[in-house]
Structure formats: C-alpha cells, structure tokens
J.: 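Got a structure here, written out as structure tokens. Questions coming.
Chain letters run A, B, ... following the sequence lines, proteins first, then strands; residues in each count from 1.
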Number of protein chains: 2
Amino acid sequence: MNRAYKEVQQITVAVDCLIFGFNDGKLELLLVHRGFEPERDRWSLIGGFVLNEEDLDEAAHRVLSDLTGLDDVYMEQVRTFGKAHRDPYERVLSVTYSALVLKKDYNDELVKSYQAEWFPIDGLPELIFDHKDMVDSAMQRLRRRIKSGPVGFNLLPKKFTLPQLQKLYEAILGEEIDKRNFRKKLNSMDFLVKLDEKDKSESKKGAYLYELDEEKYNHIKNFNI
Amino acid sequence: MNRAYKEVQQITVAVDCLIFGFNDGKLELLLVHRGFEPERDRWSLIGGFVLNEEDLDEAAHRVLSDLTGLDDVYMEQVRTFGKAHRDPYERVLSVTYSALVLKKDYNDELVKSYQAEWFPIDGLPELIFDHKDMVDSAMQRLRRRIKSGPVGFNLLPKKFTLPQLQKLYEAILGEEIDKRNFRKKLNSMDFLVKLDEKDKSESKKGAYLYELDEEKYNHIKNFNI
DNA sequence: CCAAAAGTGTTGACGATACACCCATGT
DNA sequence: ACATGGGTGTATCGTCAACACTTTTGG
C-alpha cells in the first residue's frame with residue numbers, strides 16, 4: 001500500500017436514504033421528485049453528497065433533514081454501491097442508510113413542501129440509476145432485522161397498541177401473523193408494559209396501549225419473531 | 001439535491017480486506033506489515049485505494065491480489081467506515097470486504113513474500129486507525145452468516161471431511177458443537193455427498209471426504225446450524 | 001342488536017439438545 | 001495393545017404453528 005495519497009484518484013461520495021414509513025397498515029417509501037437535470041421528472045431516493053469535514057453518518061442525517069425536514073430519525077447503514085458506472089454522468093459512490101418511521105409522527109405538509117412524497121412499497125415509480133437495487137437490499141435487511149432483533153421499536157411512538165405493532169410486522173414481512181402466537185411471543189420476552197389507557201382510534205372496543213420497559217428492552221437475549 | 005457534481009468535495013476511497021484463514025483448527029487473520037511511513041512498523045488490514053474506472057468489488061480483488069498474491073477469493077462487502085478523521089493523515093473512506101479461506105489452499109511462501117502474515121484471531125497485534133473496529137464488525141457478521149446461511153462453503157476445498165467442517169464452525173463460533181447433532185443437521189439438509197475416499201492426514205483411522213451437491217446446495221431453504 | 005376489532009389457551013409436530021459407546025488404524 | 005480421532009442413535013425438552021370463541025362498544 002503506497003500512501004502517496006495525493007496521487008490517488010478521489011471519488012464523489014453520496015449517501016442515499018431509504019426512509020420506510022408505516023401508516024394505515026401499509027409500508028411506504030419516501031422519494032423525492034427531481035425537478036432538474038439530469039434525470040428531470042424522475043423519482044429518486046433521498047440523496048446528497050458527503051462533505052469534507054463530515055462523518056458519513058452525519059452526512060446521512062443532514063441530507064435527510066435538508067430534503068425532507070425530518071430530524072432525529074434513527075438510521076442504520078445498509079451497504080455501499082460502487083460500480084464504476086452506476087451513475088452514468090459521473091462516478092459517484094453511494095452509501096445507503098435505512099430507517100423506519102411512523103408517518104403520523106412527522107409533518108406530512110412539511111415533507112410535501114420539500115417535494116418529497118410517500119409511495120406504497122409495492123407501487124413504486126421507476127427510480128433512477130441503481131436505486132431499485134438499493135430498495136431491494138434495504139428491504140431484505142429490514143426483514144432480517146425485524147425478525148431477529150429488537151428493531152421496529154426505535155421507531156415506534158412511545159405508546160402503541162399490539163394490533164398496530166402486529167400490522168407493522170405484517171407489512172414488513174409481507175405475510176399474516178397469528179394474533180395469539182404474536183402476543184404470546186412478545187409477552188414471553190417481557191419488555192412490554194401494559195398501560196391503563198386504551199386507544200380507540202382504530203376500533204370501537206379500543207386496544208390497550210403499551211410502552212417499552214427500556215431497561216429490559218435493552219437486555220434481550222433471544223429476540224425472535 | 002443539486003447535482004453540480006464538479007463543485008462537490010471528492011474523497012479518497014479505500015477498500016480494506018479481512019481475510020480470515022482456517023488452519024489447524026484455528027481461525028487466523030491475514031495482516032500486512034507496514035514498512036513505510038506513516039505508521040511504519042505497525043500492522044494493518046490489506047488495503048488499497050479504489051481506482052477511477054474500477055468497480056468497488058473489483059478494487060477489493062485487485063488489492064488483495066496485489067498485496068498477497070491471493071486470487072479467486074470469494075469476498076463479501078461488510079460495511080463502510082466513514083468518520084471524517086478515522087485516518088488522521090487525510091480523509092479516507094474505507095469499504096471493508098471479508099472472506100474466509102483455507103490457509104492450506106494457498107501458498108504460504110507467496111503470502112510471506114508480500115510481507116503479509118497470519119495472526120491468530122485472539123492474538124492480533126495492535127492495528128492502525130480503526131482497523132480493530134473493522135475486525136470486530138467482520139467477525140460479528142461472519143458468525144451470523146455462518147449460522148444462518150450456506151456460507152463457509154464457498155471457501156471450502158472441493159473435498160473436505162466432517163471433522164474439518166465442524167472445527168471450522170467451532171473456531172468461528174467460539175464454542176464446542178456436539179458431533180452427532182452437527183452431523184445430523186448437515187445430513188438432514190441433504191447437500192453433502194459422501195465419497196469413497198478417506199483423508200488420513202489428521203487421524204489414523206481417517207475421515208471420509210465429502211463434496212457438495214451444487215444443485216441442492218444452491219436451493220437450500222432453511223439452513224441453520 | 002349487530003358489525004368490527006380486541007382479546008385469550010391448548011394441543012400436536014418438529015427441531016434442538018443432551019448424552020456414551022464401539023470402530024479402525026498407525027505406532 | 002493402546003492411544004487417537006472417527007463414527008453412530010435415542011430420549012427429552014422446548015419452541016413454533018395451527019386453531020375458535022368470547023368480549024366490548026359505537027352506530
């Protein structure tokens with residue numbers, strides 16, 4: 001390894017954010033509409049370039065905030081796309097980040113004002129470059145993550161109902177889950193606290209609200225749904 | 001997103017390769033000794049810079065080949081390290097790749113002639129920059145991968161014995177596995193072909209050699225060890 | 001009073017683990 | 001003949017999946 005740094009080719013580095021939103025039992029993805037060349041009028045992930053003095057993670061948060069107004073989103077790096085000609089205009093390396101949020105926690109108007117828009121995950125428009133591959137790889141990861149680790153909780157509202165939680169899992173996994181088995185498993189892991197409140201927004205009977213026992217939640221050994 | 005590409009900061013991009021080697025029941029990692037400044041005389045992962053017209057994956061293979069003489073190694077991307085000051089001399093973004101090889105499949109002399117050296121995974125020297133973090137993250141991934149998917153097979157020699165395979169799993173997982181249960185599970189997945197040959201290099205009795213049934217191997221649904 | 005969603009237990013099947021002895025061979 | 005590693009089966013336990021009815025309440 002010859003560290004003649006200055007003689008080495010430098011590359012433009014971007015971050016692309018995959019913001020999955022959950023709302024009304026459906027999983028959606030946040031995209032931005034390109035009102036400029038190149039690739040005008042097509043849809044793309046939320047992306048931008050990494051600045052000089054910026055950590056990669058910071059760049060992802062800044063880009064997301066700049067393009068959608070969303071702050072304080074918990075994101076994880078997914079993978080890096082680096083084919084030499086993935087962007088036909090100029091070489092750009094892209095590191096992808098993924099997050100899952102509850103749409104209703106965020107201001108829909110704000111998002112709209114940034115020309116960003118939610119699309120159902122199974123009805124995405126055509127995307128630029130290799131962004132579809134990015135979606136696929138992030139979805140794959142999300143499915144794995146949510147099954148085998150406490151994820152999908154960093155993103156829940158403080159209080160939530162079990163039917164809501166179950167629908168979230170169903171939307172991500174793309175399959176139905178048995179109510180009783182689902183509850184049984186959650187109960188056995190013992191990190192949910194049942195509250196005395198009910199949420200009646202989604203049914204007449206109303207569903208009990210739960211919250212996390214943070215302490216227990218952070219020390220789960222065998223999470224598995 | 002303003003695509004004024006040329007005005008955007010460009011960044012030096014490196015790949016760092018984590019080559020895990022299995023030999024004699026032990027897991028080792030291949031490192032190179034730095035005979036030059038900066039950080040002379042310290043050890044580092046096998047790394048190099050990504051060239052202009054080179055896919056990221058290609059770069060990883062080239063760097064590995066250039067620094068160790070190893071070719072045709074199956075590598076997978078792990079994650080990208082992008083703190084602004086992870087390399088104190090200049091900003092370098094690093095994408096890590098990981099592989100698992102059988103040491104004896106490769107020419108040890110050749111590797112040595114490149115000033116590369118194998119170290120036991122639990123006796124690594126101090127590494128430069130954030131390379132220790134890279135090792136940790138790659139080990140974590142390796143453990144996950146080997147449990148829940150047919151990995152550790154892309155890297156096996158054509159023919160191998162079950163005791164060898166078991167020791168590989170034990171070395172990676174860091175725990176002992178019951179012989180009978182291990183064999184039972186492999187058998188149930190039905191992708192191993194028992195040969196009529198024995199390998200006597202590791203015992204007097206000799207152990208039967210096996211090979212993969214490629215067809216079945218590529219269509220395993222529930223791999224789980 | 002009825003529609004719509006919430007809540008609640010049991011059983012059977014399967015997979016995971018624990019466990020001990022004989023076999024083949026080179027020295 | 002003995003030391004060394006290779007090979008084999010069974011019993012038990014825990015985990016996962018399948019399955020149906022009662023409760024609450026707004027309209």
Side-chain angles (χ1 to χ4, degrees), chain A residues 23-26 143-144 146-149 156 159-171 173-211 220-225, chain B residues 22-26 143-144 146-150 156 159-171 173-211 220-225:
Chain A
N23 187 40
D24 201 21
K26 298 221 167 286
R143 273 194 270 264
R144 270 201 314 270
I146 206 172
K147 269 197 214 173
S148 61
L156 284 172
K159 302 173 183 182
F160 51 90
T161 68
L162 294 188
Q164 275 170 12
L165 185 59
Q166 181 173 343
K167 275 185 199 130
L168 173 63
Y169 271 81
E170 289 175 337
L173 297 176
E175 59 190 27
E176 297 206 338
I177 301 175
D178 182 275
K179 231 186 331 182
R180 285 167 288 189
N181 293 337
F182 184 75
R183 284 157 183 261
K184 212 184 312 163
K185 229 180 282 191
L186 288 173
N187 260 320
S188 75
M189 284 183 290
D190 186 42
F191 61 92
L192 293 182
V193 182
K194 188 176 190 170
L195 304 177
D196 269 337
E197 265 171 289
K198 281 194 167 189
D199 173 275
K200 296 205 169 189
S201 65
E202 307 194 32
S203 75
K204 300 173 181 182
K205 183 177 178 180
Y208 280 105
L209 287 163
Y210 286 76
E211 62 182 16
I220 301 174
K221 297 196 98 68
N222 294 324
F223 189 101
N224 216 39
I225 288 194
Chain B
F22 182 68
N23 186 40
D24 200 23
K26 296 221 167 285
R143 275 195 268 264
R144 271 200 315 268
I146 206 172
K147 268 197 217 175
S148 62
L156 284 173
K159 302 173 182 181
F160 51 90
T161 69
L162 295 188
Q164 275 170 11
L165 185 60
Q166 182 173 342
K167 276 185 199 131
L168 173 63
Y169 271 81
E170 289 175 336
L173 297 176
E175 60 190 26
E176 297 205 338
I177 302 176
D178 182 275
K179 234 188 326 186
R180 286 167 288 190
N181 294 337
F182 184 74
R183 284 157 184 261
K184 212 187 311 166
K185 229 182 280 192
L186 288 173
N187 261 320
S188 77
M189 284 182 289
D190 186 41
F191 60 90
L192 292 182
V193 182
K194 188 177 191 171
L195 304 177
D196 269 336
E197 262 172 291
K198 281 196 167 189
D199 172 276
K200 297 206 168 187
S201 65
E202 308 193 30
S203 76
K204 300 172 182 181
K205 183 176 178 180
Y208 280 105
L209 287 163
Y210 287 75
E211 62 181 15
I220 300 174
K221 297 197 98 67
N222 293 324
F223 189 101
N224 216 40
I225 288 194

J.: Just by distance, do the side chain of Asp24(A) and the backbone of Lys26(A) share a donor-acceptor pair under 3.5 Å?
T.: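 Not a single qualifying donor-acceptor pair exists.
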
J.: Walking along DNA chain C from 5' to 3', note the first and the last nucleotide with an atom under 4.0 Å from a heavy atom of chain A, and give both.
T.: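 Going 5' to 3' along DNA chain C, contacts run dA5(C) to dT10(C).
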
J.: Return the value, rounded to whole Å, for the distance between atom CD1 of Ile177(B) and atom C1' of dG6(D).
T.: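 About 17 Å, once rounded to whole Å.
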
J.: Looking only at heavy atoms, which two atoms of Phe160(A) and Leu192(A) are closest? And how far apart?
T.: CZ-CD2, 3.8 Å

J.: Below 4.0 angstrom, which residues in residues 202-210 of chain A have at least one non-hydrogen atom near DNA chain C?
T.: Glu202(A), Ser203(A), Lys205(A), Gly206(A), Ala207(A), Tyr208(A)

J.: Between Lys184(A) and Asn187(A), does a side-chain hydrogen bond (donor to acceptor under 3.5 Å, both in side chains) hold up when you go through it step by step?
T.: CA-CA 5 Å; Lys184(A) 212 184 312 163; Asn187(A) 260 320; over 6 Å; no

J.: Tell me whether the side-chain N or O atoms of Arg180(A) pair up with the base of dA20(D) as donor and acceptor below 3.5 Å, since no angle test is needed here.
T.: yes

J.: By the 4.0 Å heavy-atom rule, please label Lys200(B) as base, sugar-phosphate, or nothing.
T.: sugar-phosphate

J.: Whole angstrom is fine here: how far is it from CZ in Phe182(B) over to P in dG9(D)?
T.: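 One finds 18 Å between P of dG9(D) and CZ of Phe182(B), rounded.
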
J.: Start with the C-alpha gap between Glu202(A) and Lys167(A), add the side-chain angles, then the distance that decides, and say whether side-chain contact (heavy atoms from CB on, under 4.5 Å) holds.
T.: CA-CA 12 Å; Glu202(A) 307 194 32; Lys167(A) 275 185 199 130; 3.8 Å; yes

J.: Nearest-Å distance, CZ (Phe223(A)) to P (dT15(D))?
T.: 16 Å

J.: Please compare Asp178(A) and Asn187(B) by the position of their nearest nucleotide in DNA chain D and report the one closer to 5'.
T.: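 That would be Asn187(B).
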
J.: Give me the atom names and distance for the closest heavy-atom approach of Lys185(A) to Asn224(A).
T.: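 It is CD-O, 2.9 Å.
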
J.: Near Tyr208(B) OH, under 6.0 Å, is it more than 12 heavy atoms from other residues, nucleotides or ligands?
T.: no

J.: Lys179(B) side chain: which of dA18(D), dC16(D), dG7(D) is closest?
T.: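 For the Lys179(B) side chain, the nearest candidate turns out to be dG7(D).
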
J.: Base, sugar-phosphate, or nothing: which does Lys194(A) touch, judged by heavy atoms less than 4.0 Å apart?
T.: sugar-phosphate

J.: On DNA chain D, compare the nucleotides closest to Lys198(A) and Lys185(A); which residue's is nearer the 5' end?
T.: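 Here Lys185(A) is the residue nearer the 5' end.
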
J.: Would you say Glu176(B) has more than 12 foreign heavy atoms packed within less than 6.0 Å of its CD?
T.: no

J.: What's the CZ-C1' distance between Arg183(B) and dG6(D), to the nearest Å?
T.: 6 Å

J.: Side-chain N or O of Asn181(A) versus OP1/OP2 of dC19(D): is the shortest distance under 4.0 Å?
T.: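 For dC19(D), neither OP1 nor OP2 has a side-chain N or O of Asn181(A) closer than 4.0 Å.
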
J.: State whether the side chain of Gln166(B) and the backbone N or O of Ile177(B) hold a donor-acceptor pair below 3.5 Å, judged by distance alone.
T.: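 Yes, the answer is positive, given that a donor and an acceptor are paired below the 3.5 Å cut-off.
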
J.: Counting any heavy atom closer than 4.0 Å, what does Asn224(B) reach on the DNA or RNA strands: base, sugar-phosphate only, or nothing?
T.: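 Since only primed, P, OP1 and OP2 atoms lie under 4.0 Å of Asn224(B), the category is sugar-phosphate.
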
J.: Which residues pass the ring-ring contact (aromatic ring centres under 6.0 Å, His included) test with Phe22(B), not counting sequence neighbours?
T.: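 If we apply the ring-ring contact (aromatic ring centres under 6.0 Å, His included) test to Phe22(B), skipping adjacent residues, there are no hits.
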
